[in-house]
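Down below is the structure, laid out as structure tokens.
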Amino acid sequence: EVQLVESGGGLVQPGGSLRLSCAASGFTFSSSWMQWVRQAPGKGLVWVSRISSDDGSYAYYGDSVKGRFTISRDNAKNTVYLQMNSLRADDTAVYYCGRDKGPIPRERSDYWGQGTLVTVSS
Amino acid sequence: QAVVTQEPSLTVSPGGTVILTCGSSTGAVTSDHYPYWFQQKPGQAPRTLIYDTSDKHSWTPARFSGSLLGGKAALTLSGAQPEDEADYYCSLSYSGPRVFGGGTQLTVL
């Protein structure tokens, strides 16, 4: 059974940092690109970041987080991370981890976690 | 960053057909944008229905189909069911990063 379990969310002050984790199981993690998307309360989905498979040498970011967020991965732990710095109130959202693509063509954006809530407030 | 546009809301009758569209501020949407379509119901994570313009996952009901239509990506729902009432999002790839549209709230009434 495929599972993606996000953790690390919580309350943080503006300007602070937080690291989200997403533990994966049930599929070939190292061969999969992974992604993060977020959703502010009552708002739409916003694409955040994606990282390439294997050594994670390619990473892409949405304009709203570029320069503040960093995505990384640890294939030994089957985990993808999102390091979030210089947090702002408008970063408040549920953050979802998902598989962006697997090693075969039909494995496209097929798995999602249940999300972790990040609240940026003083 | 490009802006992806969707209809804010649409209504379809049970059994009816509705087309949701997804446009790009950079011009016509093509297969090179690898359009995806997602369904999201309240309190749930998104669920991917369509990838790469028109490919379906095993869980995608046959009544949903994806295409390119008039310079936009399109999601067609034929034979709407009450359980199809949800928010629908498209996303487009821009040579690496992706961008979501603002979403379409679909009412089946």
Side-chain angles (χ1 to χ4, degrees), chain A residues 1-6 9 22 24 27 32-53 56-67 69 71 93-102 104-117, chain B residues 1-10 20 22 24-26 31-60 64 66 73 75 86-106:
Chain A
E1 181 195 7
V2 171
Q3 279 196 312
L4 290 170
V5 180
E6 301 96 335
C22 172
F27 63 92
S32 297
W33 289 58
M34 300 296 293
Q35 63 183 332
W36 290 94
V37 306
R38 70 183 183 184
Q39 188 169 37
K43 302 296 185 182
L45 297 172
V46 175
W47 187 84
V48 173
S49 182
R50 65 196 287 239
I51 187 168
S52 59
S53 59
S57 54
Y58 296 96
Y60 302 95
Y61 300 92
D63 280 0
S64 60
V65 307
K66 204 175 296 181
F69 290 13
I71 192 171
V94 174
Y95 285 73
Y96 294 102
C97 161
R99 182 164 78 161
D100 177 48
K101 61 181 178 179
I104 64 178
R106 69 171 181 267
E107 295 174 338
R108 295 291 181 264
S109 191
D110 45 1
Y111 306 133
W112 292 95
Q114 286 305 303
T116 187
L117 176 63
Chain B
Q1 177 171 289
V3 176
V4 177
T5 54
Q6 299 182 244
E7 298 84 1
S9 63
L10 290 169
L20 289 67
C22 176
S24 173
S25 63
T26 62
S31 57
D32 290 337
H33 288 97
Y34 301 96
Y36 287 11
W37 288 93
F38 305 82
Q39 180 191 64
Q40 188 181 37
K41 295 182 178 179
Q44 295 184 14
R47 182 173 76 146
T48 309
L49 296 177
I50 302 287
Y51 61 94
D52 295 352
T53 305
S54 58
D55 290 336
K56 300 181 186 182
H57 284 299
S58 58
W59 53 82
T60 305
F64 289 96
L75 177 70
D87 294 327
Y88 291 83
Y89 296 91
C90 69
S91 81
L92 301 178
S93 175
Y94 292 89
S95 301
R98 295 191 73 91
V99 179
F100 277 102
T104 296
Q105 184 176 57
L106 182 66

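Chain identifiers are assigned alphabetically (A, B, ...) following the order of the sequence lines, protein sequences preceding nucleic acid strands; residue numbering begins at 1 within each chain.
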task: Identify the heavy atoms of A/Pro105 and B/Tyr51 that sit nearest to each other, and give their distance.
output: O-CE1, 3.7 Å
field: Structural part of A/Tyr61 lying under 4.5 Å from a heavy atom of chain B
entry: backbone
- prompt: Do B/Gln40 and A/Gln39 have side-chain N/O donor and acceptor atoms under 3.5 Å apart?
  reply: yes
- prompt: Which residue out of A/Tyr60, A/Tyr58, A/Tyr111 racks up the most heavy-atom pairs below 4.5 Å with chain B?
  reply: A/Tyr60
field: Donor-acceptor under 3.5 Å (B/Thr48 side chain, A/Ser109 main chain)
entry: yes
statement: Answer key: most heavy-atom pairs under 4.5 Å with chain B among A/Arg106, A/Lys43, A/Gln114 is A/Arg106
message: If I measure from the heavy atoms of chain A, does B/Thr104 come under 4.5 Å with its side chain, its backbone, both, or neither?
response: neither
message: Please find the pair of heavy atoms, one from A/Trp112 and one from B/Ala45, that lie closest to each other, and give the distance.
response: CB-CB, 4.4 Å
Audit row: B/Trp59, A/Asp110, side-chain contact (heavy atoms from CB on, under 4.5 Å) steps and yes/no: CA-CA 10 Å; B/Trp59 53 82; A/Asp110 45 1; 3.6 Å; yes
statement: dist B/Tyr94:OH -> A/Trp47:CH2 (nearest 0.5 Å) comes out at 12.5 Å
query: Among all residues two or more places apart in sequence or in another chain, which pass the side chain to side chain contact (heavy atoms under 4.5 Å, CB included) test with B/Ser93?
result: B/Tyr34, B/Arg98
- prompt: Contact part of A/Val37 toward chain B, heavy-atom cut-off under 4.5 Å: side chain, backbone, both or neither?
  reply: side chain
B/His57 side chain to A/Arg108 backbone, donor-acceptor under 3.5 Å: yes
